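Lettering follows sequence order; numbering is per chain, from 1. Keep in mind that what you see is a predicted model, and the values were worked out from it rather than measured. Side chains are part of it too, since the values below use all heavy atoms of this structure and drop only hydrogens, waters and symmetry mates.
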Amino acid sequence: MVLPWLIGLCVIAFAAGLYMSFFVAPEDYQQGDTVRIMYIHVPAAWLSMMCYSVMALSSLGTLVWKHPLADVSAKSAAPIGAAFTFMALVTGSLWGKPMWGTYWVWDARLTSVLVLLIMYLGLMTLWRTMEDPIKAGKAAAVLTLVGALNLPIIKFSVDWWNTLHQPASVMRMDGPTIHPDILWPLLVMAIAFTLLFFVLHLMAMRNEILRRRVRALRLRAASAAQPGTAAATAQPAE
Amino acid sequence: MFQDLSFDLPSGTALVVTGANGIGKSSLLRTLAGLVALAGGTLWLEQGEADRSPAEHAHYFGHQNAVKAALSVLENLTFWQGFTSPVSASVFGATAMSPEAALDLLGIGHTTDLPAGFLSAGQTRRLALARLLVTPRPIWLMDEPTSALDKASEGQLLDLMNGHLTAGGMIITATHTDLALARTKILHLRTADPVSLHEEDLPA
Amino acid sequence: MFQDLSFDLPSGTALVVTGANGIGKSSLLRTLAGLVALAGGTLWLEQGEADRSPAEHAHYFGHQNAVKAALSVLENLTFWQGFTSPVSASVFGATAMSPEAALDLLGIGHTTDLPAGFLSAGQTRRLALARLLVTPRPIWLMDEPTSALDKASEGQLLDLMNGHLTAGGMIITATHTDLALARTKILHLRTADPVSLHEEDLPA
Amino acid sequence: MDLGPHAGFIWASYGLCLFTVIGLIAWVRIDKAQQEKALKDLAARGISRARPAGEGKPSS
Amino acid sequence: MSSWAVVLFRRDLRLSVRVGGSALVGVLFFLAVVTVIPFGVGPDLNLLSRIGPAILWIGALLATLLGLDRLFQADREDGTLDLMLMAGRSLELLVLIKCLAHWVATGLPLVIAAPLLGIFLNLDPVATGAVTLTLLVGTPALTLIGAIGAALTVSLRRGGLLLAVLVIPLAIPVLIFGVSAADAAIHDPVPFLTPFLILCSLSLIAAVIGPLAAAAALRFAGD
Amino acid sequence: MSSWAVVLFRRDLRLSVRVGGSALVGVLFFLAVVTVIPFGVGPDLNLLSRIGPAILWIGALLATLLGLDRLFQADREDGTLDLMLMAGRSLELLVLIKCLAHWVATGLPLVIAAPLLGIFLNLDPVATGAVTLTLLVGTPALTLIGAIGAALTVSLRRGGLLLAVLVIPLAIPVLIFGVSAADAAIHDPVPFLTPFLILCSLSLIAAVIGPLAAAAALRFAGD
Ligand code: HEM
Ligand SMILES: Nc1ncnc2c1ncn2[C@@H]1O[C@H](COP(=O)(O)OP(=O)(O)OP(=O)(O)O)[C@@H](O)[C@H]1O
Ligand SMILES: Nc1ncnc2c1ncn2[C@@H]1O[C@H](COP(=O)(O)OP(=O)(O)OP(=O)(O)O)[C@@H](O)[C@H]1O
Ligand SMILES: [Mg+2]
Ligand SMILES: [Mg+2]
């Protein structure tokens, strides 16, 4: 089993990453200690996008290669992706308050992350509303792929939209010269988050498989006592 | 869904599919119509138009009538005539009927300009049937064609079906009642293994 | 809609309503159930609870099952048990059954905790029937009660209906098939004026 | 540990992230328990995966 | 409350949160509408915070009304409504209970989501609190008024939009007093209590008229 | 265009304008939304004329998306969709035709109503013209994108709200460029043509992606 190893690695990576981000990484000369938010904000933001890529790939798996596990993978990834997106939004907002003086601005990057969250939630709802997991999987795959096309478009259009109305007033942190002291904790945390994603994704996929088995068995249970209905052998006769 | 199912059907013959409720008669017809993907196996049509799928050689006459209540009877029928394209097959000799002639033949010629919503269930069914006459296609897939028809209309339907067979067409029909068709083969579906049924039809 | 229609029914008897398609059998039952307003005429129930309308003494078992796919079988049934109130009538002696017992009796006891959406058409129909057992009411209005039931379940249904009659209940049922009920009266509906029939069923 | 004037924001971000992660873990665990319980209930009623040979579709 | 009412309430609540239920979709629509408005209006935070209460209220109005189309329709399609009509239960009370369950499943989540969305619209804490409070008091009125539309369109297949069109005129007073109470809380001089109390009384009136009218409409739809 | 396409187009158009059709309800909803917003935002005419284009665009967006739920559902319920799927016609083209007919019946009336509503919102003639023009070019894109949602939810009974939720993220670029083109026409210095051309190209992209994705979704819903 690969899972216990992954869990172990994940815990170690988090321990190391958290230690480094609080005790090794220096405070920023401009931002003070708030820069420590970065060590969770940036990995969460990365993961939010990676998760969608995983879903898009799985959707290709569903529609093109017709792999039976592909839609299981896509379905289990969605809530995790939504959670990471939520984390990126929350930490970003909490960082924005001391830095920009407001929790939220309709800045290009922020806005496209919010739209990503809505897309995750929409996909989850689609899965929830359709009873048949196979059909739901196919529908969600179509939507995921169209959304994958849409995301870069949003990113660009929002960039444009924003600068058109509100030039320069939104400032972004002009990336602190990536000093190794900052870079390392960030990378370790990123690895920890990635491991966390894989652990959760594996576990969720396993649950989803169980859920489908329960469904299958329940359907069987319903028909068990009723004779007469059946799958079929056919027998041609004159 | 199906195990060991195979049959062949010469032109001019009807295949009557029988079997218990829920055994898969309707599913078989839908598969032949190309509405459900074939999980395995092949479907082969001789003497049809080579570049078109078997489903395109067929009319599907199912439980639903595909009739729009807001359109007039004639509008409904001319739409289907314009939308579906006829298919020729060497052994099949039926010709297209005009919508009016088809409606007259089916005894609803007097309703031509009424909104289809004013028709009774049986009349609506006949309007749906008229669709098969205005665009000639060699295969008719008919799922319980006699449902909602009273005895008189049932006889009329049988005449039509026999006419289609005489013209060299094929009919595959699922039914619970006996149909007096000219040349028929019977395919009786039976359950292979009662216990394992619902595993297979998961996708509900 | 109806002309010159009158009948009376002693307790312990079934009234079987027959007639051609679209003649108004279902409409008659719905009128008795209070779902369609009485255009004229009276409805009189003896020995019921005086302060409650005849409809409240009746169970209506129509084409639709009133079963929610998302609720479990038991949840569906307990809802109806909690929602409808029993009615006593002096000559009627049936007692309420527990939901589990009713499901067992109807042969779907093993599905208790399954979502009702997993049931087949016949099983759903039996779940709908269980509703009549958990809340005793003297009158059963049943519109084609045997539809979607196979032969075995049909026999079971007849036993239930006969049991209800024996307990002093009344049954009014519309049907196309013959029902082997203990004590029956037959009400045959006929069209008063054949030409005007289809005037009546315009809205299909 | 002194995190300066904005300690509240830093703790809040870490706290909310922790909270979300715990939520995710709880979701996965509870879901697993539920499905396994359902399977066990079904098995108790004699319905399990064991099926006649010659059939079956991959579900894992 | 009589026991059948409790049974009905719990059933409706269950149906909303189970698979295929409506509970989540309403909030998501609310979120989507509130997010989409800044894309139209532009990212100016001052402007957004000025019209913030209105945006939240309009979003809640639309989410509530558009989500109501299945309130009676689902029950009608499977024959449940027929049985309910002939059960001899007070139809008005029945409508009230169904509205209550619907509000708990879909209206309350809107109220809970409102403070979060307030952040996107740059509302300050007082304004957020005021809007949330007015939504808490006002959304039941929207549900109850919407129930009239739901009953009127119970037999129509294209319920959602039509329902909204029918009901929006009736809901405008709720919207006006909701927004003005929220605005009053933000701009100190104007009294908050007056519009707020009017809003409360509108809710109470809706709790009477809504069930009465909806029950009448359902009875007529019956025959 | 091949003749079956013409036949289909005329049928869909007829169905939309006949009794029970959708043509009118969409415009009424548009009207209702656009009139309700001033009730929320307040009667400040400057403010209204400033956010006028946005209001019109958001109203059109919602009216279009929420009215699309029956695009394929009606055909599915009566078995028409099955026959269309097996007719061997290009499903992509079929979707395109249906969208076109739907747009002519419900999108075009919105465009035509926009100048009237512009008066309520105190828009000057140039602004009104600009908004109307952008709506003319942009609403087809909304219909085509919405068709994806309609195809995805074709088998669901509660289509409307869910469709909107699924599709709104996809429609955001259209909204952005629609509003910014309109705004550009009002505030002289900024060029109008750039966002307008982008809007046009978005419509063209939607005319490709929408039918492709919707056709795929319909095929999958079939089996
Ligand atoms: C809710 C608000 C915020 C959201 C949604 C957000 C979103 C994101 C995303 C998606 C990324 C990854 C971009 C990429 O790697 O391409 C990112 C990176 C980053 N964010 Fe944020 N952010 C927010 C607020 C902030 C704030 C307030 C700051 C600091 C003042 C900040 C600083 C950073 C930094 C330093 C990076 C890494 C930059 C890089 O990799 O080039 N973010 N953010
Ligand atoms: N859309 C569907 N959803 C769920 N189950 C389905 C669906 N279509 C078919 N099935 C299942 O497939 C099996 C075969 O159904 P089918 O409709 O083909 O039976 P049938 O032989 O036509 O029955 P009948 O005589 O009642 O028409 C049934 O067990 C049914 O439960
Ligand atoms: N909801 C309705 N809308 C329109 N017409 C209706 C409606 N209900 C009944 N009718 C009409 O009333 C007449 C009686 O219908 P009813 O359903 O009672 O017939 P039935 O005797 O039950 O027929 P069947 O044997 O087919 O069940 C029919 O002509 C029908 O067209
Ligand atoms: Mg069948
Ligand atoms: Mg009847």
Side-chain angles (χ1 to χ4, degrees), chain B residues 1 26-27 29-39 48-49 51-72 74-87 115-118 124-125 127-128 131-132 135 137 139 141 143 201 203-204, chain F residues 1-25 70-91 93-98 101-102 105-106 154-157 215-223:
Chain B
M1 169 118 198
S26 303
S27 307
L29 289 187
R30 290 180 67 80
T31 312
L32 293 177
L35 294 171
V36 180
L38 212 57
E49 290 180 24
D51 55 336
R52 303 174 69 178
S53 73
E56 285 173 52
H57 291 74
H59 274 301
Y60 177 71
F61 181 70
H63 293 283
Q64 293 165 311
N65 294 320
V67 164
K68 294 284 172 195
L71 297 182
S72 83
L74 190 63
E75 280 169 346
N76 266 294
L77 194 55
T78 42
F79 166 69
W80 283 116
Q81 187 185 33
F83 186 79
T84 51
S85 62
V87 179
F118 285 7
T124 315
R125 198 91 184 125
L127 170 53
R131 188 166 45 77
L132 313 200
T135 314
R137 289 188 165 191
I139 309 177
L141 304 171
D143 198 358
D201 58 35
Chain F
M1 195 152 55
S2 38
S3 80
W4 65 268
V6 179
V7 171
L8 177 65
F9 179 80
R10 284 177 42 202
R11 182 198 81 135
D12 268 35
L13 211 55
R14 276 212 190 104
L15 283 173
S16 300
V17 295
R18 294 267 167 96
V19 184
S22 56
L24 203 61
V25 183
R70 303 281 298 157
L71 183 62
F72 303 114
Q73 227 173 48
D75 279 343
R76 186 193 141 97
E77 278 165 11
D78 64 10
T80 304
L81 191 62
D82 281 344
L83 298 183
M84 286 178 167
L85 283 173
M86 64 177 283
R89 303 304 189 184
S90 151
L91 199 52
L93 188 53
L94 187 142
V95 171
L96 191 66
I97 304 290
K98 281 186 82 75
H102 190 271
T106 66
V154 67
S155 61
L156 299 180
R157 282 298 285 99
L218 285 178
R219 278 204 199 90
F220 294 129
D223 27 80

(Q) Below 4.5 Å, heavy-atom pairs only: which of B/Gln81, B/Arg137, B/Arg131 has the largest tally toward chain F? (A) B/Arg131
Q: Heavy atoms only: give me the nearest F/Gly79-B/Ala66 pair and the separation to one decimal.
A: C-CB, 3.9 Å
Q.
Restricting to side chain to side chain contact (heavy atoms under 4.5 Å, CB included), what partner residues turn up for F/Asp75, sequence neighbours left out?
A. B/Lys68, F/Arg11, F/Thr80, F/Leu81, F/Met84, F/Lys98
**Q.** Minimum-distance pair of heavy atoms, taken over all atoms of B/Gly82 and F/Arg89
**A.** O-NH2, 4.3 Å
Q: Could you walk me through whether F/Asp78 and B/Val67 pass side chain to side chain contact (heavy atoms under 4.5 Å, CB included), step by step?
A: CA-CA 7 Å; F/Asp78 64 10; B/Val67 164; over 6 Å; no
Q | Trace of the side chain to side chain contact (heavy atoms under 4.5 Å, CB included) decision for B/Thr84 with F/Trp4 | A | CA-CA 8 Å; B/Thr84 51; F/Trp4 65 268; over 6 Å; no
Q | B/Arg30: side chain to side chain contact (heavy atoms under 4.5 Å, CB included) partners, not counting sequence neighbours | A | B/Leu35, B/Val36, B/Tyr60, F/Asp82
Q. Considering only heavy atoms, which portion of B/Glu56 lies under 4.5 Å from any heavy atom of chain F: side chain, backbone, both, or neither?
A. both
Q. Side chain, backbone, both or neither: which part of B/Thr135 has a non-hydrogen atom closer than 4.5 Å to chain F?
A. neither
**Q.** Worked verdict on F/Leu83 versus B/Trp80 for side chain to side chain contact (heavy atoms under 4.5 Å, CB included)
**A.** CA-CA 9 Å; F/Leu83 298 183; B/Trp80 283 116; 3.5 Å; yes
Q: Can you see which heavy atom on B/His59 is nearest to which on F/Met86, and at what distance?
A: C-CE, 4.3 Å
